[in-house]
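A, B, ... follow the sequence lines: proteins, then strands. Residue 1 opens every chain.
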Number of protein chains: 2
Amino acid sequence: MDLNRYIDERVTLVEEALDRYLPDAATLPGRLHEAMRYSIFAGGKRIRPILVLAACEAVGGETARALPVACALEMIHTYSLIHDDLPAMDDDDLRRGRPTNHKVFGEATAILAGDALLTQAFVLLSDPESCPELPPATLARIIHIIARCSGSMGMVGGQVVDMESEGREVDFPVLEYIHTHKTGALILASVQCGGLAGNADEKTMQALSGYAGAAGLAFQIADDILDVVGEAAALGKGVGGDQARGKITYPALLGLNEARERARELKERAIDFLAPLGPLAEPLREIARYIVDRGR
Amino acid sequence: MDLNRYIDERVTLVEEALDRYLPDAATLPGRLHEAMRYSIFAGGKRIRPILVLAACEAVGGETARALPVACALEMIHTYSLIHDDLPAMDDDDLRRGRPTNHKVFGEATAILAGDALLTQAFVLLSDPESCPELPPATLARIIHIIARCSGSMGMVGGQVVDMESEGREVDFPVLEYIHTHKTGALILASVQCGGLAGNADEKTMQALSGYAGAAGLAFQIADDILDVVGEAAALGKGVGGDQARGKITYPALLGLNEARERARELKERAIDFLAPLGPLAEPLREIARYIVDRGR
């Protein structure tokens with residue numbers, strides 16, 4: 001299959017939907033909505049929404065059913081980037097080659113734009129007009145997974161432990177905690193909720209969860225490797241930034257070769273989990289390959 | 001009726017439930033959960049959760065059904081206070097006589113504790129174990145109202161316009177926009193969602209919404225008046241803080257007497273809306289009286 005074409009088509013769908021689901025700058029307060037849109041349309045890779053759509057399709061669901069879920073996850077991912085970049089956190093001036101939200105709109109508006117994007121995800125997920133095909137019980141389950149994976153025992157929890165670990169000696173269990181929470185939780189939520197939107201049965205949900213756990217960790221290891229060896233241009237930020245900041249990474253802890261080997265193994269494991277799903281799951285398999293090959 | 005006793009009993013219920021619904025400091029990451037709990041248990045008046053419970057009872061619903069909804073609204077209110085107090089926003093060192101969250105836990109943790117409290121509200125509202133008596137369709141409607149009233153076109157929107165108006169000449173429509181959004185929206189959500197938890201019919205929901213709109217604005221005017229004339233001790237912050245900060249207030253725009261008169265009228269209007277509800281709505285009526293009489 002042509003993964004690039006598959007991704008491009010879905011990125012277009014997601015970006016058109018995000019445009020519909022977000023208030024525009026003509027809606028009061030205009031500057032807040034401008035700030036929300038600035039970061040949402042800053043050229044992200046849309047990995048989470050694509051995983052949502054691919055998981056929905058993998059279980060035989062129509063792409064359109066999962067579109068609001070995909071957009072909600074991208075809103076949450078984007079809010080987390082805005083807050084991570086703040087002076088009190090990572091203090092980053094650039095993100096994907098453009099000035100960060102607080103550099104353009106000021107710190108206060110950036111904090112509130114993040115808050116509003118997180119909230120808008122739940123406005124969208126609970127909106128009967130946006131999600132007419134998903135029964136309320138499914139929506140409640142999707143909302144629960146997304147909220148749990150985003151909160152203090154998910155993404156935010158991972159961010160806190162990451163922050164606390166900066167410049168300290170960190171062992172392997174802490175590193176795994178950080179990654180399974182900071183990035184892994186939202187990737188797990190994406191795949192699980194895509195499956196639920198596509199009406200997956202419990203056995204299929206387990207296969208999807210196994211895939212997401214392995215692929216999510218592989219994604220993070222690949223990101224760590226890219227930070228060491230990758231091209232600055234591809235990431236839109238400086239290479240070696242994690243190291244300079246004293247952040248613990250897989251290559252630092254395992255060595256570069258061992259980290260690569262681990263990513264490769266996780267990719268295989270992710271694909272193995274999808275064995276019961278057949279050809280509809282091919283995009284999910286290709287995404288796992290793509291994730292890891294970025295970091296080679 | 002004895003409003004103080006009524007409130008005390010419900011504050012106890014709400015605080016016991018908040019303790020159950022929030023991860024404790026023994027759960028990873030401990031410091032994040034400590035920060036969340038620090039602000040949740042900082043002695044707030046619990047006006048929003050009490051309104052939730054009183055609205056549920058006013059329509060004949062059992063108090064316990066509305067308890068998770070009440071706690072979710074208190075979490076959202078608390079997150080908004082943590083973020084409002086940040087150096088980039090109001091830069092407050094004290095809240096209710098205690099150091100603000102970022103003073104104790106640092107700015108980064110305070111931002112994340114706010115994020116996590118907002119998210120935890122939706123974890124709770126979508127949790128079938130916490131809300132076993134509310135059908136999924138009701139929960140979805142409750143989640144939608146709460147998210148909408150908290151987001152860019154609700155509370156966060158009001159906060160942005162308030163911030164943008166600091167030190168500027170502001171006219172009456174802008175002042176009303178700020179107040180109906182910054183505080184009014186969450187009060188509206190509290191009363192509406194209490195009614196939904198109690199299974200109110202549409203006509204009763206309209207009466208409750210009318211009550212909440214009027215009472216919410218009365219509450220804000222009373223707060224503004226207290227800032228001018230009130231006792232510092234009662235508020236746990238300096239008197240005249242709004243004025244010093246160049247914030248627009250009702251007494252500044254209308255004069256103290258006219259502001260008092262407007263609060264009194266709104267109280268009457270709020271109570272009139274409840275005419276169809278009979279004696280079960282007495283606590284809601286008493287709360288409207290209490291809100292305004294604070295600012296006398």
Inset, instruction - Pick whichever of P87(A), S150(A), A88(A), P23(A) has the most heavy-atom pairs under 4.5 Å with chain B. - result: A88(A)
Legend entry - Residue M36(A) versus chain B: region with a heavy atom under 4.5 Å: side chain
Inset, instruction - Could you check whether the rings of H83(B) and H83(A) sit parallel, tilted or perpendicular, using 30° and 60° as the cut-offs? - result: perpendicular
Inset, instruction - Look at the side chain of Q120(A) and the backbone N and O of Y21(A), then say whether any donor-acceptor pair between them is shorter than 3.5 Å. - result: yes
Legend entry - Under 3.5 Å: donor-acceptor pair, side chain of R65(B), backbone of A197(B): yes
Inset, instruction - Mind ranking T109(A), I111(A), L139(A) by heavy-atom pairs under 4.5 Å with chain B and telling me who comes out on top? - result: I111(A)
Legend entry - Any donor-acceptor pair under 3.5 Å from N101(A) side chain to A35(A) backbone: yes
Legend entry - Heavy-atom contact with chain B under 4.5 Å, split by part of L86(A): side chain
Inset, instruction - Spell out, as yes or no, whether a donor-acceptor pair under 3.5 Å connects the side chain of H179(B) to the backbone of G158(B). - result: no
Inset, instruction - Answer with side chain, backbone, both or neither: which region of T27(A) has an atom nearer than 4.5 Å to a non-hydrogen atom of chain B? - result: side chain
Legend entry - Toward chain B, the part of L118(A) with a non-hydrogen atom under 4.5 Å: side chain
Inset, instruction - Give the member of G154(A), P135(A), P136(A) that has the highest number of heavy-atom pairs under 4.5 Å with chain B. - result: P136(A)
Inset, instruction - Give a yes or no on whether E62(A) atom CD has more than 12 heavy-atom contacts from other residues, nucleotides or ligands under 6.0 Å away. - result: no
Legend entry - Interchain contact, P29(A) with chain B, by part (heavy-atom threshold 4.5 Å): both
Inset, instruction - Under 4.5 Å heavy-atom distance to chain B, tell me which part of H181(A) shows up: side chain, backbone, both or neither. - result: neither
